[in-house]
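Worksheet for the structure shown next.
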Protein chains: 2
Amino acid sequence: MDSAPPAPPSSPPPSPWLPFESRRRARDEKREAVLRAAVQLFLEQGYHRVTLNEVAERLNITKPALYNYFRGKDEILFECWSMGAELVDSVITEINAGGGSGLARLRKLVHAYAALMATDFGASLVRFDLRDLTERNAAVARAAKKRIDATFRRYLADGIADGSVRPCDPKLAAFAIAGALNWIGHWYRRDGTLSPTGIADEFTVRLTEGLATESRQQMTKKTPRAPRRRNSGRKPPGKKRTGGTR
Amino acid sequence: MDSAPPAPPSSPPPSPWLPFESRRRARDEKREAVLRAAVQLFLEQGYHRVTLNEVAERLNITKPALYNYFRGKDEILFECWSMGAELVDSVITEINAGGGSGLARLRKLVHAYAALMATDFGASLVRFDLRDLTERNAAVARAAKKRIDATFRRYLADGIADGSVRPCDPKLAAFAIAGALNWIGHWYRRDGTLSPTGIADEFTVRLTEGLATESRQQMTKKTPRAPRRRNSGRKPPGKKRTGGTR
DNA sequence: CCGATATATTACCAGCGGGTAAGAAAAAGT
DNA sequence: ACTTTTTCTTACCCGCTGGTAATATATCGG
């Protein structure tokens, strides 16, 4: 999330491969540029309708050049998915680090997750079909999904235990909440009238108002804004891959 | 056109094309058999991974035979989708015919919709990608989706107006509810531990408890069972297509 | 300026899968 | 029984797209 020192002092053009410009940027930057282009196309048109030629063309290169960075189309898909998974993971890590009741943590998660669903890599979490991945990578993805689901359930269970959440079935409640959130990734449009933060705010109240023990409980309005530098201890920015290879 | 009487008195085997049996059933029955086989495969493996050969094979016929009933693969997809849309439409029609407060009707819709998501044709509503359709058919599908969304919003707005629902933004609330419901189509498994009616019951309370004006309002427990096809009264069996062609 | 290495290109292949043409085999009509 | 019509099969095509080989061009260390 807050990794990679923004950029060397130079303007960041959309594509590092300007037709005949200095194409000497670091390998990882190019890799990421491929992912950004790919995730956008995949979301726009759907994985199967996007050809590698299209991805390459958008980057001013040709198809085989992609194979310097990825083993194949499905690996690109997986890496896009992983980017989203890492975002969620870092959100969860941060919430876990902080305190609060079960309900409070649940609300933080709902808010952050809703906002994530309005981003490309976030949406890719729910719009890509894991069956397009190799069995190995699909297993990694399933595991990550399971962790996320478990987190929702744990916050709910914790909330019931500490009295901040009304008794309910955590499994089904988590499905309901996660479902409403995931669906954002399907209907949200950048050019629409609703802003990501607006959606996140509204969903936070809407999805938890029925669960809270006190009807008008104080809604901790702590929008994390810029994450303070104070998490210097845990989570080093360096390549914290979720796992998965081919 | 729709002269075909419902069915000759005989048992309905899974496939009307038993290897070398009497293959003289009515055309529409075969058409539907294709759709049932197709929707199952599409959900199992995903549209793009299913070949027409596979569909045909499961029916003990060969690929070109399918072209006697459909113009192409994408039309089969659309017809599957339409089956689901018709189910939802009939649910809505039925609820509209009955009375009740906005909240009461919303709850009926949530309950019926949740149950639908646990069926093949119901799930196809949210698991199929409309971009695989021709532009013409996609437009029909979008229109149907819009009608469904509008219904959710209307019930909410009605509920706010008649005082059964707390004031809220109907648009976002509808998105939240519909999202949670639609997601069922993605995680529900026939062989799981949760029953469709159990899910429907739970979701009905979970998704509306926060909206109700009175916390413990009487939950009208009128399970309308499965919306049986061939409901003799309304919706004449004759090709009441949603629209759409190629 | 010169090899070595990373990076990109041109040209190509192979398989898959939707779709079609032509004709066999049932069903239905007469 | 013979024709007509519907239904289904065998055989085929062809375009598309992921992936590869061989080669060219930067980039960099020296």
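Any value given below was found using the heavy atoms of this structure, including those in side chains, with hydrogens, waters and symmetry copies removed.
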Are [X] and [N] close enough that a side-chain N or O sits under 4.0 Å from OP1 or OP2?
X       : N     : answer
B:Tyr69 : D:dC8 : yes
B:Arg27 : D:dT7 : yes
A:Thr62 : C:dA8 : no

| request: Name the orientation class of the two ring planes belonging to B:His186 and A:His186 (parallel below 30°, tilted from 30 to 60°, perpendicular beyond 60°). | output: tilted
| request: Please state whether the rings of B:Trp187 and A:Phe175 are parallel, tilted or perpendicular, taking 30° and 60° as the class boundaries. | output: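 If you compare the ring of B:Trp187 with that of A:Phe175, the planes turn out parallel.
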Can you measure [X] atom [atom1] to [N] atom [atom2] for me and round it to whole angstrom units?
X       : N      : atom1 : atom2 : value
A:Asn53 : C:dA11 : CG    : C1'   : 13 Å
B:Glu54 : C:dG18 : CD    : C1'   : 13 Å
B:Phe70 : C:dT20 : CZ    : P     : 16 Å
B:Lys30 : D:dT7  : NZ    : P     : 7 Å
A:His48 : C:dG18 : NE2   : C1'   : 16 Å
B:Leu59 : D:dT9  : CG    : C1'   : 15 Å
B:Leu66 : C:dG18 : CG    : P     : 10 Å
A:Leu52 : D:dG19 : CG    : P     : 6 Å

| request: By nearest nucleotide on DNA chain C, pick out whichever of B:Arg49 and B:Pro64 is the more 5' one. | output: B:Arg49
| field | Heavy-atom closest contact (A:Leu109 atom, A:Val91 atom, distance) | value | CD1-CG1, 4.2 Å
| field | Identified salt bridge (charged side-chain N to carboxylate O under 4.0 Å, His left out) counterpart of B:Asp149 within the set B:Lys145, B:Lys146, B:Arg153 | value |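 When B:Lys145, B:Lys146, B:Arg153 are each tested with B:Asp149, the salt bridge (charged side-chain N to carboxylate O under 4.0 Å, His left out) holds only for B:Arg153.
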What nucleotide among [options] has an atom nearest to a side-chain atom of [X]?
X       : options               : value
A:Asn68 : C:dA8, D:dG18, C:dG18 : C:dA8
B:Ala65 : C:dT9, D:dC8, C:dA8   : D:dC8
B:Tyr67 : D:dG19, D:dT9, C:dT20 : C:dT20
A:Thr51 : D:dT9, C:dG18, D:dG18 : D:dG18

| said: Heavy atoms only, 4.0 Å cut-off, all strands: where does A:Val55 land among base, sugar-phosphate and nothing? | reply: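 The residue A:Val55 makes no contact with any strand.
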| message | On the side chain of B:Lys63, is there an atom forming a donor-acceptor pair with the base of C:dG19 - under 3.5 Å, no angle test? | response |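 Yes, a donor-acceptor pair under 3.5 Å.
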| Salt bridge between B:Lys73 and B:Asp132, side-chain N to carboxylate O under 4.0 Å? |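 B:Asp132 and B:Lys73: not salt-bridged.
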